[in-house]
Amino acid sequence: MLQEAAQYLKDKVSFMPETGVILGSGLGGLTKEIQILHKIPYAQIPGFPISTVEGHSGELVFGNLEGKKIVAMNGRFHYYEGYSMEKVIFPLRVLRLLGVEKMIVTNAAGGLNPDFEAGDIMLIEDIISLLPDNPLRGANEEHLGPRFPDMSSPFDQAWMERVKHVLDQLGFDLKKGVYVGVQGPKLETKAEIRYLRIIGGDAVGMSTVPEIIAAQHMGMKVLAFSVITNECIPKVAKEFTHEEVVAVANMAGENLVRLVKGVI
Ligand code: HPA
C-alpha cells in the first residue's frame with residue numbers, strides 16, 4: 001500500500017522534495033508562503049486514511065519555500081480520532097518512500113512548565129510516549145528500518161544548532177523541553193498534570209509522538225516544535241475550548257512560520 005501511494009504521487013509530482021513539514025494547528029499559514037506547484041488531497045491518494053473531521057480532509061502541498069523544494073502535510077491524523085497507529089504514520093512513510101529525508105514536525109500543546117506562557121514556541125528536545133500503542137508494533141518492515149530503533153537522540157543535533165542562528169535573526173525567545181504524547185481526546189485532570197510534570201514533561205499534546213518514532217525508525221532527520229496554546233498547570237488549570245487553542249495557535253503560529261522558513 002505504501003508503494004502504491006508513493007507511485008501515485010511520483011506520477012503526479014514533477015520533483016521529489018528532500019524536506020517535509022507536518023503542519024500542526026496554527027501552522028497552516030505556512031502554505032501561504034509556499035510557491036505551490038502541486039496540491040494533492042489526501043482523499044485522492046491510495047491507502048491514505050479517510051478524514052473523520054468535516055472540512056479537514058487534508059492535502060499534500062508540494063512547492064518551493066525559500067528556494068528549497070518541500071512537501072507540506074496540511075493536516076494530520078491523530079490516534080484519538082480512531083485511526084490505527086499504522087494509519088496515523090502512513091503519510092509519513094509514503095513521504096520517506098518519495099525520498100524525503102528531513103522532517104519538521106509541529107503541533108499545538110499545553111505548557112506544563114510553569115515558565116511557559118500561552119503563545120510560546122518550544123523546541124522539542126525529547127519525548128515521552130504515554131500512548132497506549134506504538135506504530136512499530138507488529139512485524140517489522142525491514143525495508144523501512146530496524147526492529148529495535150535507537151531512540152536515545154530522536155532529534156537531529158546539528159539541525160537544532162542551526163535553529164539558534166535563525167533565532168538570532170528573528171529575535172524571539174524559544175523555549176526548549178520534553179513533549180509528552182498522550183492519547184486524548186480528553187484534556188488532563190489536575191492530578192495528571194502534576195504527574196506529567198513529575199515525570200519530566202514540559203508540554204503535553206495528542207500528536208507528534210507516533211510520527212517521531214516512525215521517522216526515527218526510517219532514519220530521517222527530525223526537528224520538532226510545539227506552539228504552547230494554553231498553560232497546563234494545576235494552579236490555573238481551567239476549562240478551555242478547542243477554539244481558544246486554535247486561536248492562540250494561529251497567533252503564535254506566525255512566529256513559528258518565520259522560524260520554520262528560516263530553518264529551511
Ligand atoms: N493537553 C493536551 N493536548 C493539548 C493541550 C493540553 O492542554 N493543549 C493543546 N493540546
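Whatever order the structure lists them in is the order used to number ligands and atoms, beginning at 1. The first residue of the sequence shown is numbered 1, and numbering continues consecutively from there. Side chains are part of it too, since the values below use all heavy atoms of this structure and drop only hydrogens, waters and symmetry mates.
Residues forming a salt bridge (charged side-chain N to carboxylate O under 4.0 Å, His left out) with Glu161 (at least two apart in sequence, or on another chain): Lys164. Checked against salt bridge (charged side-chain N to carboxylate O under 4.0 Å, His left out), Arg76 has the following partners two or more places apart in sequence or in another chain: Glu211.
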Need the list: ligand 1 N/O atoms against protein N/O atoms, distance under 3.5 Å, rounded to one decimal.
| residue | atom | partner | partner atom | Å |
| --- | --- | --- | --- | --- |
| ligand 1 | 1 (N) | Glu188 | OE1 | 2.7 |
| ligand 1 | 7 (O) | Asn230 | ND2 | 2.9 |
| ligand 1 | 8 (N) | Gly110 | N | 3.3 |
| ligand 1 | 8 (N) | Asn230 | OD1 | 2.7 |

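When the shell of 6.0 Å around OH of Tyr8 is examined, it contains more than 12 heavy atoms from other residues, nucleotides or ligands.
In this structure, Tyr83 has its ring center at least 6.0 angstrom away from the ring center of Phe90.
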- [ ] Kindly determine whether Leu95 and Leu60 satisfy side-chain contact (heavy atoms from CB on, under 4.5 Å), including the steps that lead there.
- [x] CA-CA 10 Å; Leu95 295 193; Leu60 287 182; 4.2 Å; yes
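Screening residues 129-152 for ring pair (Phe, Tyr, Trp, His ring centres under 6.0 Å) gives no qualifying pairs among residues at least two apart or on separate chains.
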